[in-house]
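Here the structure comes first, spelled out in structure tokens, and everything after it is commentary.
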Amino acid sequence: MPPVLSVVVHGPEVQGHLAELLDSLAARPFTGVPDAGDGTAPASVEIVVAAVGDRARREAERVATGDGRVRVLALPGGADDTAARAAGADRATGAWLHFVRAKDGLPPGTPRVLAARTAELPPDVQVLAVDHTRSAWNTAGARSGDGWIFARTGRRALALTDFPNLLRLTPLLGARVVRAEFWRAHEALPATREAAGDEAYLAYSLLLHADRIACLHQPAYEHRVLRPESLPPPTPEERYALIERYERLQRLMAEREVPERPRAVLYDVMVRDCLRTFARSGMPEPVAREFFARASRAALTLRPRTYRRPGGFEGVRRSLLEENAYTKYRALQAANQRRRTVRKAVVTGRRAVAARLDDHRYRKALNGPVDPHLAVFSAYWDRGVACNPAAVARRLAALAPHIHQVWVVSRDRVALLPPGTDHVVPGTRRYWEVMARAKYLVNNVNFANAVVKRPDAVHLQTHHGTPLKRMGLDQLDFPAAAKGLDFEALLARVDKWDYSVSANSHSTRMWERAYPSRYIPLDHGYPRNDIFYRATAADIRAIRDRLGIAPGRRAILYAPTHRDYESGWHPRLDLAALADRLGGNTVLLVRGHYFYGNAASPLAGLRRTGRVIDVSSYDPVEELALAADALVTDYSSIMFDYANLDRPVVIHADDWETYASTRGVYFDLTAEPPGPVARSQDELTEILAGDAWRDESARKALAAFRRRFCEYDDGQAAERVVRRVFLDAPEDTLPPVVPVDERIPAPTPEEATAL
């Protein structure tokens, strides 16, 4: 017996949304009917995933492995939505089809609800229209504006002529559940084949062809709107396609001899849609003029005989459209804009006056040419020469010495710069001049909001860690961690990126969803981690000498992260007791998180004992990693970097549940750790006092962790980044990434001191 409903998920993995959709489906039963796999009765719902590309295939197969209700159809990367949708429909066996784009979602329990509703519909009902929610980067689950329509239809099955306002439903194919035989007949129509790539056209066309339409007031689809800045900009022809859609639909209605009332409703929808698109889309001027002219022709030629323009301001807008009065319409918009601008100026006037002089200088400098031989670097909010930017700068100096480097450094950190470092202090006259002229801008966070992205400048975002905790837009659901973060301003900064560096594919995926924009991901590895494969035994001995670690002593680096729910750094370990328990042969290198500045005062009483060394202010942190025999951390991203050394890592996770619920995390570290996990100081002490920190189980966990998170770090990351970004080398000419199992990390301290 075939299933009642086939949910056809189709498309590529985009910004992590397919995985989220499939996981939500797998987490719940589809219906109250037992699954076919248990031998009692056939399932009433099947899930067919037409997965486009390797990432989508892997996610689908991951879920299908543990769930026999999911069937996977692997399609090559680049297959469009039309091909994926058709392939999924061909494979589906259900009596009804529900098409779900891979980027979208389904509210909990949707398959169960749809299976029950479609099973009770009479044979002459060919389409079930459902309500939906709308999500974007800054909203989740917003109700559609279609509720009033569903409220009037109730559960009745209607012909379109009985209730033409069905054409005002949002044209989402996912908000239409279609009888399979009707879909296949509709798909074979010449007009459908011609417009198969336009899902909005299909959503309208299904209503126009159906004999009877049923409705479901309950939201049964989540339409996820991706940031336009994360997508290729629309071409002029794609803009004009909106008008062509309505022209095609009106021809279809004429061919089918649809009565006047439905045609008038769709005409009204067309005019509203065209005017809204014209006002909000930010089209270039020539495109806007052509769009307005085409919309004007459509408004005149398609206007039904009985149609009457509304009154008031809306009527004025429509009158100007029908007249093709582009200039007058723009004047009307400008008058409205001036009123809004005046109101805004009243609010922001004082701040604007204070910044006027700097802005004038900066704008003047922006009018000059970009200097192709000037690169600006910054790290950690202008703290100095550090992290990935520093590693890129070093390699750039070797490969392209003709490019002059300038570092942005806060005034209080200037004295700590390496001798001879050319630098600027934020806000100074030279700062604005350099920021305006530089061809290359490199940072591991973001530059100030006021920094303009010039078209011929290149912004390289290196990041400064692999994300365990939620980042960017993924913090929207964790306000305690976001602490009032201005997400729109954040995205404006992200939109300036040209390149984004990743150490592993996990990071690439998380950056894609947390920071959606048009930048190019560079799966080249973190340049700062090159040293973990290039450092020599002599380097390691020298670092340990500087730290005062005697040969033969075990050094454990303890590097906890900060907590958003704590006001300052409060060591979660009794370090004196731990040092005493581990004995005089062990030295604890304790590094407080840089967010706390010089607040590492809890260590003051231990600094002179020789058993605990406060390295909170020691830079670079990579040297501390090289000096340490093992790492103890909680949730700091240092674990991902340190794993490159193939040395033991121990996780101290005494507050994991609190941290995960307040900060948000991308995976369960306690289930997928790089080594032993201690939930208390006693457990940590026991692990470090015995062999559990480096036994076979610990080595297996570390090996799996390294394969996952040290994916691109092989000692040549800076080389790849510099050649790709600064020297414009083709991707296929860059040094290939050495597989993890073939790499040779720097010597361990034991190996280095034994030489």
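Throughout, residue positions are numbered sequentially from 1 according to the sequence presented.
- A salt bridge (charged side-chain N to carboxylate O under 4.0 Å, His left out) check over residues 182-195, counting only residues at least two apart or in different chains, returns the pairs Glu194-Arg248.
- Here the side chain of Thr192 pairs no donor or acceptor atom with the backbone of Ala188 at under 3.5 angstrom.
- A donor-acceptor contact shorter than 3.5 Å links the side chain of Ser24 to the backbone of Leu21.
- For the ring-ring contact (aromatic ring centres under 6.0 Å, His included) condition, the pairs that include at least one residue of residues 280-306, sequence neighbours left out, are Phe278-Phe292, Phe292-Tyr326, Phe292-Tyr329.
- Although no hydrogens or angles enter the test, the distance criterion places a donor-acceptor pair under 3.5 Å between the side chain of His209 and the main chain of Ser205.
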Run the salt bridge (charged side-chain N to carboxylate O under 4.0 Å, His left out) check on Glu255 and Arg251 step by step: do they pass?
CA-CA 6 Å; Glu255 293 169 3; Arg251 289 196 299 270; 5.7 Å; no

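- Contact check for Val125 versus Ile213: no side-chain heavy atoms found under the 4.5 Å cut-off.
- Sorted by first and then second residue, the pairs that involve residues 224-239 and meet salt bridge (charged side-chain N to carboxylate O under 4.0 Å, His left out), not counting sequence neighbours, are Glu20-Arg224, Glu222-Arg224, Arg227-Glu229, Arg227-Asp495.
- In terms of modelled atom types and a separation under 3.5 Å, the side chain of Thr301 and the main chain of Arg297 share a donor-acceptor contact.
- In this structure, Glu13 does not pair ionically with Arg509, as no charged nitrogen and carboxylate oxygen lie closer than 4.0 Å.
- Partner Tyr515 forms a ring-ring contact (aromatic ring centres under 6.0 Å, His included) with one of Trp497, Trp137, Phe487 and no other, that one being Trp497.
- With salt bridges taken as basic N to acidic carboxylate O contacts below 4.0 Å, one links Asp131 and Arg143.
- Between the Lys439 side chain and the Asp456 main chain, a donor and an acceptor come within less than 3.5 Å of each other.
- For Trp96, there are no ring-ring contact (aromatic ring centres under 6.0 Å, His included) partners at least two apart in sequence or on another chain.
- Residues Tyr440 and Val376 fail the side-chain proximity criterion, which asks for heavy atoms closer than 4.5 Å.
- Between Val100 and His10 the shortest side-chain heavy-atom distance does not fall below 4.5 Å.
- A distance-only check finds no donor-acceptor pair linking the side chain of Glu260 to the backbone of Pro304 [under 3.5 Å].
- A salt bridge links Arg513 to Asp474: one of the charged nitrogens lies within less than 4.0 Å of a carboxylate oxygen.
- A donor-acceptor pair is defined here as one N or O able to donate and one able to accept, closer than 3.5 Å; no such pair exists between the side chain of Asn165 and the backbone of Arg168.
- Between Glu290 and Arg294 there is a salt bridge, since at least one side-chain N of the basic residue sits less than 4.0 Å from a carboxylate O of the acidic one.
- Annotation: the span from Glu199 atom CD to Arg245 atom CZ amounts to 10.5 Å, rounded to 0.5 Å.
- A donor atom on one side chain and an acceptor atom on the other are not found under 3.5 Å apart for Ser502 and Ser507.
- A distance of 9.0 Å separates OG in Ser135 from CG in Asp104, rounded to the nearest 0.5 Å.
- Qualifying side chain to side chain donor-acceptor pair (under 3.5 Å) partners for His506, counting only residues two or more places apart in sequence or in other chains: none.
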Are Gln15 and Ser230 close enough, and set up right, to give a side chain to side chain donor-acceptor pair (under 3.5 Å), and what steps lead you there?
CA-CA 10 Å; Gln15 299 174 14; Ser230 70; 3.1 Å; yes

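- Arg437 pairs by the salt bridge (charged side-chain N to carboxylate O under 4.0 Å, His left out) definition with Asp371, not counting sequence neighbours.
- Under the 30°/60° scheme for interplanar angles, the aromatic rings of Phe447 and His459 are found to stand perpendicular.
- Within the structure, ring-ring contact (aromatic ring centres under 6.0 Å, His included) contacts touching residues 217-262 (residues at least two apart or in different chains) are His98-Tyr221.
- Between Val269 and Leu167 the shortest side-chain heavy-atom distance does not fall below 4.5 Å.
- For CG of Asp728, the number of neighbouring non-hydrogen atoms (other residues, nucleotides, ligands) closer than 6.0 Å is 12 at most.
- For the pair Val52 and Gly77, the tightest heavy-atom approach, listed with the atom from each and the gap, is CG1-CA, 4.1 Å.
- The ring of Trp183 has its center closer than 6.0 angstrom to the ring center of Phe99.
- A salt bridge links Glu512 with Arg55; the closest basic N to acidic carboxylate O contact falls under 4.0 Å.
- Using a 4.5 Å heavy-atom cutoff, the side chains of Thr110 and Val7 are not in contact.
- Residues satisfying the salt bridge (charged side-chain N to carboxylate O under 4.0 Å, His left out) criterion with Glu323, sequence neighbours excluded, are absent altogether.
- Taking Arg272 as the reference, Asp268 meet the side chain to side chain donor-acceptor pair (under 3.5 Å) condition, with sequence neighbours excluded.
- Judged by distance alone, with hydrogens and angles left aside, the side-chain atoms of Lys496 form a donor-acceptor pair with the main-chain N or O of Asn449 at under 3.5 Å.
- Taking 4.5 Å as the limit, every side-chain heavy atom of Arg134 sits out of range of all side-chain heavy atoms of Ser144.
- Residues Leu441 and Lys453 are not in side-chain contact: their nearest non-hydrogen atoms beyond the backbone lie 4.5 Å or more apart.
- For the pair Asp523 (side chain) and Thr508 (backbone), a donor-acceptor distance under 3.5 Å is absent.
- Side-chain contact between Leu202 and His186: present, with at least one pair of heavy atoms (C-beta onward) separated by less than 4.5 Å.
- Partners of Asp54 according to the salt bridge (charged side-chain N to carboxylate O under 4.0 Å, His left out) rule, which considers only residues two or more places apart in sequence or in another chain, are Arg57.
- With sequence neighbours excluded, the residues forming a salt bridge (charged side-chain N to carboxylate O under 4.0 Å, His left out) with Arg317 are Glu314, listed by chain and number.
- The distance from the OG atom of Ser500 to the CD atom of Gln461 is 6.0 Å, given to the nearest 0.5 Å.
- Remark: the backbone N or O of Ala436 is paired with a side-chain donor or acceptor of Arg454 at under 3.5 angstrom.
- Taking the side chain to side chain donor-acceptor pair (under 3.5 Å) definition, one finds that Glu247 meets it with nothing, sequence neighbours left out.
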